[in-house]
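One structure is given below, encoded as structure tokens.
Since the structure is predicted, the reported quantities are computational estimates derived from the model, not experimental observations. Note that ligands are numbered from 1 as they come in the structure, with each ligand's atoms numbered from 1 the same way.
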Amino acid sequence: MSRSDLLDALGAIVGAASVITDAHALEPHLVDWRREYRGSALAMVCPASTAEVSAVVRACALAGVAITPQGGNTGLCAGAIPREGVLLNLRRMSRIVQVDAEGHSMTVEAGVVLAQIQQAAREHGRLFPLSLGAEGSCQIGGNIATNAGGMNVLRYGNTRELVLGLKVVLPDGEVWDGLRSLRKDNRGYDLKQLFIGSEGTLGVITEAVLRLFPSTPQRAVAVVAVPSCEAAIELLARLQRRSGNGVSAYELIDRACVDAVARHDAQYARLLEQATPWYVLLELAGEGPDGALQELLEQQLGEALEQDLVADAVIAQSLADTDRLWAMRHLIPEAVRGFASVLRSDIALPIAHVARFVDEARELIGRERPGGTVLCFGHLGDGNLHFNVVDATEDKSWVHPLSQRLYDLVAGHGGSFSAEHGVGQAKTEELARYKSAVELALMRRLKAAVDPADLMNPGKVLAGGAGCRS
Ligand code: FAD
Ligand code: ZN
């Protein structure tokens, strides 16, 4: 089939206006959020239903043309940037199909923006706890495909724990309808788990049933200055004990990140009086009488101040304060993006190893890249750090060898080179390096069984090669 025949066939399925070939309109969809990868595609196709996705996938499979699924294109491993073929964008599939408040579940199409799901849950007196900096533009299909983590994993788990059922278009166009809201279902393999975190390499997620929770009307939020990483970890354990596991977020932020954010937005320049190496943004959430959590937090932080576990603290006194403190945290990725050359990482470690790892990693950077500045932040409650090294020079040749040394250190501590952002095309080399031969072979066999023609997001996760880094 010629290129123009295929485009005509796709136009007949989704409508000509939803087959986009204009270079200007395509441009933002071919570059990743960090502007490090640039791809190319025959066209961007925007189907409006599972039936249309199925027909598009079938037409491409018959023509032997690859498909790259794309949600909000906020992914941080360039998994949604196509190298060839058709870019399948889910933005038109943006319906909230049903909210079952009593049953604590919600059925949505894959293209619904995460913030709209959170809002719909709130309107029904429920909580959908997935929360991340990109929530105003990422889509639930992308969240599921990347098994996104974010701020509330400590209490509610990763996206994987929040999905009850899925509908997926398989690489040959067949539809697997696994849209169930059952809490228990042990009829053989749990197939939805295969697609969660598969980054679009095994099929296109078109709908999902999500798990909702009772809303937590009480929130107490603070930013605290702590003298060390160990102190931050000790404070977390203590707060968990004394709040009945009420800590819903526990974000570690180093001084360099706070300074970078303050340069970005001056209102954060004098957040706390005390200059310590580390800060924590923490949130307690739960039910109970008005003000009770706030009181508990004040009392606990007062005690921690007396014992020098905490050097300084600012506790949000209003919803506006709470939003302002969280906005500071959400600004960090943007502030890190501004540097000329950056080693980025998204690593997971056993919590007991975090403090030792940070010391060793700083030592490594000091030795190998003395001019570099470490910018470290992350979801400490989950042992997940974004350990970055930035440099003002344009020279990027140091980044790759040093990141390998860093990942070797992570592996030595029993950790992971990818905690929550996935593999995409940015970390395929690391996957090949750090996964065992048995694991890699099993992953390849699964991929070959589901997508024998290798047309579903080829070059991502399992592929070798350099990707399309610009
Ligand atoms: P995209 O970027 O469009 O796609 C991501 C991957 O999923 C690609 O491989 C794509 O092919 C695939 N995909 C997308 N939709 C589908 C579908 N319907 N079916 C099958 N495959 C699909 N992540 C975290 O985990 N925690 C964080 O705290 C966090 N913070 C972030 C903060 C910022 C400022 C930004 C920009 C990103 C952050 N991320 C974070 C990255 C996170 O992975 C993404 O924001 C989000 O999960 C991806 O959703 P998306 O709709 O943008 O997906
Ligand atoms: Zn993160």
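Summary of contacts: the protein heavy atom closest to atom 27 (C) of ligand 1 is E420 OE2, 3.5 Å. Of all protein heavy atoms, the one lying nearest to atom 29 (C) of ligand 1 is L132 CB, 3.7 Å. Atom 1 (P) of ligand 1 has N73 N, 3.6 Å as its closest protein atom, hydrogens excluded (heavy atom only). Nearest non-hydrogen protein atom to atom 4 (O) of ligand 1 is A80 CB, 3.5 Å. In terms of protein heavy atoms, atom 53 (O) of ligand 1 is closest to G142 CA, 3.5 Å.
Classified by interplanar angle (parallel below 30°, tilted 30° to 60°, perpendicular above 60°), the ring pair F357/F387 is perpendicular.
The Zn ion (ligand 2) has H386 among its coordinating residues (N/O/S atom, backbone or side chain, under 2.8 Å). At a cut-off of 2.8 Å, E420 coordinates the Zn ion (ligand 2) through an N, O or S atom.
For atom 51 (O) of ligand 1, the candidate residues are G378, C77, G72, P69; the nearest heavy-atom contact is made by G72. Between atom 32 (C) of ligand 1 and the options G149, A134, A145, the minimum heavy-atom separation is to A134. Scanning T201, N143, I205 for the heavy atom closest to atom 46 (C) of ligand 1 points to N143.
Salt bridge annotation for D190-K192: present, with a cationic side-chain nitrogen under 4.0 angstrom from a carboxylate oxygen. Using a 4.0 Å cut-off between charged side-chain N and carboxylate O, E27 and R38 make a salt bridge. Between E36 and R344, at least one side-chain nitrogen of the basic residue sits less than 4.0 Å from a carboxylate oxygen of the acidic one, meeting the salt-bridge criterion. The pair R180-D185 counts as a salt bridge, with a side-chain nitrogen and a carboxylate oxygen less than 4.0 angstrom apart. K396 has no carboxylate O lying under 4.0 Å from a charged side-chain N of D391, or vice versa, which leaves the two without a salt bridge. Taking the charged nitrogens against the carboxylate oxygens, R211 and E161 have no contact shorter than 4.0 Å, which rules out a salt bridge.
Checked by distance only, ligand 1 and T68 stay at 3.5 Å or farther apart across all their nitrogen or oxygen atoms. For a threshold of 3.5 Å applied to N or O pairs, the pair formed by T146 and ligand 1 contains at least one separation below that value.
Ligand 1 places these atoms under 4.0 Å from at least one heavy atom of G200: 20 (C), 21 (N). Those atoms of ligand 1 with a heavy atom of G203 less than 4.0 angstrom away are 20 (C). Distances below 4.0 Å separate heavy atoms of Q70 from the following atoms of ligand 1: 3 (O). Interface of L90 with ligand 1, defined as ligand atoms under 4.0 Å from a residue heavy atom, comprises 17 (C), 18 (N).
Enclosure of atom CZ in R369 by more than 12 non-hydrogen atoms of other residues, nucleotides or ligands within 6.0 angstrom is indicated.
Under 4.0 Å from ligand 1, heavy atoms of T74 appear from its side chain as well as its backbone. At a heavy-atom cutoff of 4.0 Å, ligand 1 is contacted by the side chain of H421 but not by its backbone. Of all the heavy atoms of E334, none lies under 4.0 Å from any atom of ligand 1, so neither backbone nor side chain is involved. Neither the backbone nor the side chain of I144 has a heavy atom within less than 4.0 Å of ligand 1.
A donor-acceptor pair under 3.5 Å links the side-chain atoms of D22 to the main chain of A25, judged by distance alone.
Closest heavy-atom contact between L343 and S403: CD1-N, 3.6 Å.
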Report task. Mind running side chain to side chain donor-acceptor pair (under 3.5 Å) on R160 and Q193 for me, showing each step along the way? Result -> CA-CA 7 Å; R160 192 178 291 288; Q193 299 299 350; 2.8 Å; yes
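Put simply, the side chain of E207 does not reach to within 4.5 Å of the side chain of D177, judged on heavy atoms.
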